[in-house]
Amino acid sequence: QLAVSVGIDQTVGSIRVQGALCVLYLRADGTVRATRVVHEANSGAIALANPESFAASLALMPDMDGDGQPELAAGCSLASDLKGAVLILFLAPNATHLAPVDMVRSVSVISGDPAASPYAPALSMGARFGHSSLASLPSLDSDPEIFSLAAGARDARSSLRSDGRR
């Protein structure tokens with residue numbers, strides 16, 4: 001499988017869709033066997049305030065809920081007053097034959113706004129957390145229940161000095 005970010009900006013029904021996730025299911029020779037496009041208008045689990053720039057960046061995460069299926073992190077750079085957010089998408093197993101509405105079982109949100117997420121970074125308006133880079137990291141802790149994710153904030157204003165202190 002291959003996840004691809006799709007930059008779209010259109011209205012589907014009454015929902016303005018900005019960004020989509022295209023999942024390509026590949027054959028052993030690398031050719032595409034099937035595709036599924038997921039965005040906030042066709043997924044029951046993804047409910048965002050419009051517009052959000054869904055799936056601006058993507059990263060494959062390890063299985064976090066024990067169902068044997070890896071998860072997918074998706075950046076939403078325009079969420080929370082442009083502070084941004086990262087969604088952890090808990091994917092359904094064997095999603096090749098599922099409609100897009102059933103592909104994402106649940107969503108966990110890491111907001112760029114500390115008021116919305118208790119462990120969120122304190123970012124200024126317009127930081128665009130999750131915009132252009134996401135990466136799953138090897139565990140930085142010996143606890144197998146702790147997962148590490150690096151997320152860029154393209155337009156964040158740093159309050160750190162060059163020596164790393166505030």
#### Entry: Backbone of V32 reached by a side-chain donor or acceptor of R27 within 3.5 Å
yes
With sequence neighbours excluded, residues passing side-chain contact (heavy atoms from CB on, under 4.5 Å) with [X]:
| X | value |
| --- | --- |
| D63 | D65, D67, E71 |
| L58 | A3, S5, L21, A55, L72, A74 |
| P62 | S136, F147 |
| A73 | A59, M61, V86, I88, L134, L149 |

### Message
Can you give me the closest heavy-atom contact between T35 and C22, atom names plus distance?
### Response
CB-SG, 4.4 Å
### Message
Tell me the closest heavy-atom pair linking S57 and S133, and the distance in Å.
### Response
CB-N, 3.9 Å
### Message
I'd like to know whether V37 forms a side chain to side chain contact (heavy atoms under 4.5 Å, CB included) with V6, so could you lay out the CA-CA distance, the side-chain angles of the two residues, the decisive distance to 0.1 Å, and finally the verdict.
### Response
CA-CA 9 Å; V37 178; V6 180; 5.7 Å; no
## Note on the structure
CZ of R33 to CD of Q1, rounded to nearest 0.5 Å, is 8.0 Å
### Message
With rounding to the nearest 0.5 angstrom, report the CG to OG distance, L87 to S106.
### Response
11.0 Å
### Query
T31 and L26: side chain to side chain contact (heavy atoms under 4.5 Å, CB included), yes or no, with the steps?
CA-CA 6 Å; T31 59; L26 305 176; over 6 Å; no
### Message
Check for me, please, whether V38 and Y25 land in the same ILVMFWY cluster - side-chain distances under 4.5 Å, paths through other members count.
### Response
yes
